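Below is one structure, written out as structure tokens; comments come after it.
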Amino acid sequence: MAAKQLQSIRGIHDGLPSEVRLWQRVEQAARNTFARYAFSEVRLPVLEPTELFVRSIGEATDIVSKEMYAFTDQGNDSICLRPEGTAGSVRAYLQGGLTRAGVQRWFYIGPMFRRERPQKGRLRQFQQIGVEMFGAHGPLEDAEVLAMAHGFLSELGIAGLHLEINSLGCAACRPAYRDALVAYLNQRTESLCGTCNDRLDKNPMRILDCKNANCQSELSGAPEMVDSLCDDCETHFSGLKAGLSALDVPYRINARIVRGLDYYNRTAFEIVTDQLGSQGTVLAGGRYDGLVSELGGPPTSAIGFAAGLERLGMLLADQADPEEAVSLVDIAMVALGESTLIYSMQQAAKLRAAGFRVVHGGGGSAKRQFKVADREGARFVVVIGEDEMQSGRLTLKTMASGEQQQLDMEELIQLIHQAS
RNA sequence: GUGGAUGUAGCUCAAUGGUAGAGCCCCGGCUUGUGAUGCCGGUGGUUGAGGGUUCGAGUCCCUUCAUCCACCCCA
């Protein structure tokens with residue numbers, strides 16, 4: 001490493017070809033699945049006014065209070081790199097005048113930014129695949145959104161994923177539950193860890209998902225939100241469970257699921273894995289019926305989720321069959337002798353026009369060009385030397401078998417098409 | 001933000017304070033028209049960076065940067 005070697009910013013990584021290929025598989029599964037549920041892609045700004053997140057996520061959250069990349073620009077405006085996608089989606093929904101356009105079903109794929117201490121699966125710039133649905137309030141919509149999330153990950157074929165659901169209640173029933181929880185925990189403060197004692201004042205619900213074993217054992221007899229739901233929330237939650245069962249989506253109830261962000265109510269869910277250490281949440285979301293009006297719009301129900309693209313990519317890489325190396329090249333051109341270079345390039349162009357993926361070996365020794373062909377994973381090599389140029393025919397070598405034959409361009413295209 | 005581990009060739013890793021190495025990769029050769037196995041040869045390092053101790057530092061000390069782990073947070 002040279003002393004002046006430039007490197008990327010801490011926690012901000014490059015997506016090199018092998019990783020991007022994984023991401024694209026994830027994205028493809030998302031696009032396929034979401035399209036079947038009639039969701040449309042939106043592309044929203046990476047830069048937003050800082051105030052948007054202060055008002056939506058909540059000033060007290062870590063994300064807003066210490067993790068945002070916020071700064072004032074040359075015009076003295078306070079702007080920031082988006083730390084998540086929901087707030088911007090709501091902003092765009094309102095700004096686009098879509099509140100009377102019927103149910104909106106959106107998804108997006110893009111980078112988010114949080115200045116956290118980096119870890120594997122936790123980057124400062126990371127990518128999320130997110131989904132937001134506006135204007136649908138019923139439990140059946142919740143069930144369909146969860147089924148869509150489940151279908152998306154099922155299509156990727158990642159093993160060991162579990163859907164966990166909970167209800168966070170609403171403004172009518174949560175305050176009473178929160179008080180009951182605090183009352184319960186106040187009798188056990190000496191057994192709780194330091195951070196949980198802090199949380200007791202600031203955000204008692206957060207104690208529910210503390211990782212400390214002592215705290216968890218203290219919680220075994222704690223009141224649970226799902227037992228304290230008001231009638232409306234209870235009806236909603238049972239409707240969700242019935243919907244999931246009807247759609248054969250496996251789930252389990254986890255009363256310890258809470259949300260870090262203030263705007264969630266009722267349905268909360270996560271899809272988790274035990275393969276990624278402490279960053280095991282691969283997809284998470286929930287209902288946020290209060291946010292649209294919070295940001296100045298009419299009362300509008302909404303539900304959404306976000307999945308971490310890098311985390312899913314890692315899971316895909318872990319289970320990848322090393323034998324299953326995907327070939328990215330159909331044909332490698334081998335040009336023998338200076339005089340054949342131009343001609344071979346023209347033949348390569350014809351093969352590309354026929355739809356094949358072609359690399360040109362670049363001339364030089366036959367040995368070198370065949371090595372290149374092999375390394376690129378080409379299934380076929382087209383050899384062009386003086387002889388071929390004279391006769392107008394091509395030598396085709398099938399790399400797997402080593403067989404070689406002389407063909408004209410038409411026959412060759414035919415043959416490779418058949419072999420595909 | 002707190003605590004801890006680790007940084008040596010492109011990659012994976014060696015090297016009691018005493019001449020920086022191996023495997024893989026890459027490049028070339030084994031009658032310049034034939035790859036994946038074999039044989040031979042070669043390129044490639046200010047040991048992450050910067051200081052210090054020492055006759056001498058990859059090795060000990062300090063600083064700094066990055067990665068990883070746990071906490072925290074969260075996708």
Side-chain angles (χ1 to χ4, degrees), chain A residues 1-13 26 57 61-67 83-86 109-131 149 193-196 198-199 203 206 209-212 215 257-261 269-273 276-285 304-315 325 332 334-338 340 361 363-388 395-404:
Chain A
M1 294 299 124
K4 296 286 167 58
Q5 175 83 52
L6 248 25
Q7 44 183 305
S8 67
I9 294 167
R10 174 147 128 119
I12 299 186
H13 292 187
V26 177
I57 302 177
T61 60
D62 281 17
I63 291 180
V64 170
S65 63
K66 42 193 168 195
E67 294 177 358
E84 55 96 48
T86 298
I109 302 174
M112 307 293 165
F113 304 82
R114 293 180 199 173
R115 197 181 182 290
E116 302 184 271
R117 181 104 168 226
Q119 236 173 283
K120 192 195 295 185
R122 185 183 36 178
L123 299 172
R124 290 182 168 185
Q125 175 176 342
F126 60 103
Q127 300 173 89
Q128 283 190 334
I129 297 180
V131 160
C193 69
T195 38
C196 280
D198 285 348
R199 289 193 270 229
N203 193 355
R206 267 251 158 262
D209 70 349
C210 181
K211 284 176 184 161
N212 184 298
C215 296
I257 291 182
V258 293
R259 280 282 83 100
L261 281 33
F269 61 99
E270 294 183 357
I271 295 179
V272 297
T273 176
L276 292 176
S278 58
Q279 310 301 326
T281 302
V282 125
L283 181 152
F305 65 78
L309 191 44
E310 286 86 353
R311 290 183 186 179
L312 288 170
M314 282 188 284
L315 292 174
V334 169
L336 301 170
E338 283 285 311
T340 65
S365 76
K367 184 181 192 66
R368 193 193 70 79
Q369 293 185 79
F370 270 88
K371 274 188 169 172
V372 169
D374 194 54
R375 186 165 58 227
E376 297 278 359
R379 293 151 60 222
F380 300 96
V381 164
V382 171
V383 185
I384 294 175
E386 300 286 348
D387 300 348
E388 286 82 356
T395 298
L396 176 72
K397 176 164 183 170
T398 305
M399 292 298 270
S401 64
E403 282 171 36
Q404 236 167 257

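Being a predicted model, the structure only gives us computed values, none of them experimental. The sequence lines fix the lettering, A, B, ..., with proteins before strands; numbering per chain opens at 1.
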**Q.** Separation of the P atoms in B:G35 and B:C26, to the nearest angstrom
**A.** 15 Å
Q.
Please give the distance between the C1' atoms of B:A14 and B:A20 as a whole number of Å.
A. 10 Å
Q | Short side-chain to backbone donor-acceptor contact, A:T398 and A:S401, under 3.5 Å | A | no
Q. Going by modelled atom types, is there a donor-acceptor pair between the base of B:G33 and the side chain of A:E388 at under 3.5 Å?
A. yes
Q: For residues A:L336 and A:I384, determine if any side-chain heavy atom of one lies less than 4.5 Å from a side-chain heavy atom of the other.
A: no
Q) A:F370 CZ to B:G35 P: how many Å, rounded? A) 7 Å
Q | Pairing partner (Watson-Crick or G-U wobble, both distances under 3.5 angstrom) of B:U12 | A | B:A22
Q: Kindly point out which of B:U34, B:C65, B:A36 is positioned nearest to the side chain of A:Q7?
A: B:C65
Q) Donor-acceptor pair, A:E388 side chain versus A:G385 backbone, under 3.5 Å? A) yes
Q) Do A:Q369 side-chain atoms and A:A335 backbone N/O form a donor-acceptor pair below 3.5 Å? A) yes
Q. For B:A57, which nucleotide is its Watson-Crick or G-U wobble mate, given both distances must be under 3.5 Å?
A. none
**Q.** Residues A:V282, A:L315; criterion side chain to side chain contact (heavy atoms under 4.5 Å, CB included); working and verdict
**A.** CA-CA 9 Å; A:V282 125; A:L315 292 174; 3.5 Å; yes
Q) Does any N or O donor sit under 3.5 Å from an N or O acceptor when you compare the side chain of A:Q369 with the base of B:U34? A) no
Q) Taking atom P in both B:G18 and B:G44, what distance in whole Å separates the two? A) 26 Å
Q: Just call it for A:G11: base, sugar-phosphate, or nothing, with non-hydrogen atoms closer than 4.0 Å on any strand.
A: sugar-phosphate
Q | Atom P, compared across B:G42 and B:A49: separation rounded to whole Å | A | 27 Å
Could you go through nucleotides 28-30 of chain B and list every protein N or O atom that sits under 3.5 Å from one of its N or O atoms, giving the distance for each pair?
| residue | atom | partner | partner atom | Å |
| --- | --- | --- | --- | --- |
| B:C30 | N4 | A:K367 | NZ | 3.3 |

Q. How is A:G364 classified with respect to the nucleic acid when contacts are heavy atoms under 4.0 Å: base, sugar-phosphate, or nothing?
A. nothing
Q: Could you encode protein contacts along nucleotides 68-75 of chain B as a string, one character per nucleotide from 5' to 3', using B for base contact, S for sugar-phosphate-only contact and - for no contact, with a heavy-atom cut-off of under 4.0 Å?
A: SSBBBBBB
**Q.** Listed nucleotide nearest any side-chain atom of A:R115, set B:A66, B:G1, B:A36
**A.** B:G1
Q. So which one's nearest nucleotide on RNA chain B is more toward 5', A:V372 or A:T395?
A. A:V372
Q: Please work out if A:A373 contacts a base, only the sugar-phosphate, or nothing of the nucleic acid, heavy-atom cut-off 4.0 Å.
A: nothing
Q: Sort and list the pairs that fulfil salt bridge (Lys or Arg N to Asp or Glu O under 4.0 Å) and have at least one residue in residues 110-127 of chain A, not counting sequence neighbours.
A: A:E116-A:R122
Q: Determine the sole option in A:E310, A:R311, A:M314 for which the side-chain contact (heavy atoms from CB on, under 4.5 Å) test with A:Q279 is passed.
A: A:R311
**Q.** Closest non-hydrogen atom pair between A:R368 and A:G361, with its separation
**A.** NH2-O, 2.7 Å
Q) Which value, in whole Å, describes the distance between the C1' atoms of nucleotides B:U47 and B:G10? A) 16 Å
Q: Work out which heavy atom in A:P118 is nearest to a heavy atom in A:G11; give both atom names and the distance.
A: CG-CA, 3.8 Å
Q.
When you measure from the side chain of A:E270 to the backbone of A:V272, do you find a donor-acceptor pair of N or O atoms at a distance under 3.5 Å?
A. no
Q: Could you pick out which residue, A:D387 or A:A400, lies toward the 5' side of RNA chain B when each is mapped onto its nearest nucleotide?
A: A:D387
